[in-house]
**Q** 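Handing you this structure, nothing more for now.
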Amino acid sequence: VPWEDLAVLRKDYIWSDIAGESNKPLLVTLDVIETMDQGLQNAVKSTANLRGILKSTKGMIKPEDLKAQKDQFVKDYMNISNAGGIASLDSTQEFKEIALKPTTASAEEQKEYRERVYRYFGVNEKIIKSGYSESEYDAFYESRIEPFLVALSLELTYKIFTAREIVYDNTIFYESNRLQFASAKTKISMVQLVDRGLMTPNEYRAIFNLPAYEGGDEFVLRLDTAKTGDTTNGTEDEEGEEDV
């Protein structure tokens, strides 16, 4: 495919200006996170498997008898039905509890490595979990989404239109005009932009995902919501002249 027919957006590249760079710097962090998860799994398994040692004081006991004693002890006491948590042994047996305390990564350490991944991609936990505020999403949009849309607009305009067509203001433009991330309070406050002729009623309705209506594409001013071309307030004085 000819290079002139390709729209190419390049970001974070050093050695290869076409293929870009790999995510190799992130692999070490991902390996540590995986090791943390495996360590936590192994800790749960180890604490659930071996709880103690049942010692018999009898000499030269047969292996099958030793196993039978262990199985009987487990059946009687090491189960959920033993609500009291107490076992009874005779003088020939001794139980020694083993308290395993495997070392795992702390919550702060796990959080730090997650934050490394977020920083690598330029996001944060609130963006990932959709727990952001209006201002936080606005900052994310302006720093991560808007630069991409601007670069995409410029590249597609350059590759699709000829130089002459671009001179005549042919362009491809991306924007986010619905303000989906804005709160209802912010959207309602924007009605003053309609009164001052900065937005049409239909543009304002689009913010609330409402359909357009006929005549709503005309700008209005705060003269009893008169059309911008009408400078009267719709009243006449006693001589029949309109007040301006």
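Here, residue 1 is the first one in the sequence, and each next residue gets the next number. In this text the structure is predicted, and so the values were computed from the model without any measurement.
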**Q** Got a second to check how far Asn124's CG is from Lys129's NZ, nearest 0.5 Å?
**A** 11.0 Å

**Q** Quick check: does any side chain N or O of Glu146 sit under 3.5 Å from a backbone N or O of Ser143, one acting as donor and the other as acceptor?
**A**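 It does not hold such a pair.
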
**Q** Side-chain contact, heavy-atom cut-off 4.5 Å: Tyr132 with Ser130?
**A** yes

**Q** Mark yes when over 12 heavy atoms from residues, nucleotides or ligands other than Phe140 sit less than 6.0 Å from its CZ; otherwise mark no.
**A**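 Result for CZ/Phe140: enclosed.
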
**Q** Does Ile172 reach the side chain of Phe161, with side-chain heavy atoms less than 4.5 Å apart?
**A**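 Ile172 reaches Phe161 side chain to side chain.
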
**Q** Identify every side-chain donor-acceptor pair in residues 107-117 under 3.5 Å, counting partners at least two apart or on other chains, and give the distances.
**A**
unit_1	atom_1	unit_2	atom_2	d
Glu109	OE1	Ser106	N	3.0
Gln110	NE2	Ala105	O	3.0
Glu112	OE2	Arg119	NH2	3.1

**Q** Looking at OH of Tyr174 and CG of Leu152, how far apart are the two atoms once the value is rounded to the nearest 0.5 Å?
**A** 4.5 Å

**Q** Could you pull out all residues at least two apart from Tyr118 that satisfy side-chain hydrogen bond (donor to acceptor under 3.5 Å, both in side chains)?
**A** none

**Q** Counting distance only, does the side-chain N/O of Lys159 pair as donor-acceptor with the main-chain N or O of Asp5 below 3.5 Å?
**A**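 Not a single qualifying donor-acceptor pair exists.
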
**Q** Could you measure the distance from the OG atom of Ser22 to the CH2 atom of Trp15? Nearest 0.5 Å is fine.
**A** 12.5 Å

**Q** Should Ile207 and Met190 count as side-chain neighbours, where that means a heavy-atom distance under 4.5 Å?
**A**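 Contact flag for Ile207/Met190 side chains = yes.
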
**Q** Looking only at atom types and distance, does a side-chain atom of Tyr204 sit under 3.5 Å from a main-chain N or O of Lys187, one as donor and one as acceptor?
**A** yes

**Q** Apply side chain to side chain contact (heavy atoms under 4.5 Å, CB included) to the pair Val194 and Phe219, showing each step before the final yes or no.
**A** CA-CA 7 Å; Val194 180; Phe219 290 95; over 6 Å; no

**Q** Please confirm whether the backbone N or O of Ala212 pairs with a side-chain atom of Asn202, one donor and one acceptor, at under 3.5 Å?
**A**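 Answer holds: no.
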
**Q** CG/Leu154 to CG/Leu156 distance, rounded to the nearest 0.5 angstrom?
**A**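 Between atom CG of Leu154 and atom CG of Leu156 there are 9.5 Å.
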
**Q** Do Phe208 and Ile188 have side chains that get closer than 4.5 Å, going by heavy atoms?
**A**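 Heavy-atom side-chain distance check passes, below 4.5 Å.
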
**Q** From Ile128 CD1 over to Phe121 CZ, what is the distance, rounded to the nearest 0.5 angstrom?
**A** 9.0 Å

**Q** Carefully, step by step, assess Tyr137 and Ile145 under the rule side chain to side chain contact (heavy atoms under 4.5 Å, CB included).
**A** CA-CA 10 Å; Tyr137 184 86; Ile145 300 179; 4.0 Å; yes

**Q** For residues Tyr213 and Arg205, determine if any side-chain heavy atom of one lies less than 4.5 Å from a side-chain heavy atom of the other.
**A**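 Answer yes - side chains close enough.
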
**Q** Just to verify, what does Arg10 make a salt bridge (charged side-chain N to carboxylate O under 4.0 Å, His left out) with, not counting sequence neighbours?
**A** Asp17

**Q** The test is side chain to side chain donor-acceptor pair (under 3.5 Å); show your working for Gln38 and Thr35 and say whether it passes.
**A** CA-CA 5 Å; Gln38 293 177 352; Thr35 302; 5.1 Å; no

**Q** Same cluster for Ile166 and Phe173 if Ile/Leu/Val/Met/Phe/Trp/Tyr side chains link at under 4.5 Å?
**A** no

**Q** Can you name the nearest heavy-atom pair linking Gly216 to Pro201, along with the distance?
**A**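 The pair with the smallest heavy-atom distance is O-CD, 3.2 Å.
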
**Q** Which value, rounded to the nearest 0.5 Å, describes the distance between Leu9 atom CG and Glu155 atom CD?
**A**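 Spacing of CG (Leu9) from CD (Glu155) equals 6.0 Å.
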
**Q** When you compare the side chain of Tyr141 with that of Leu149, does any pair of heavy atoms fall below 4.5 Å?
**A**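 Leu149 vs Tyr141: side chains touch.
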
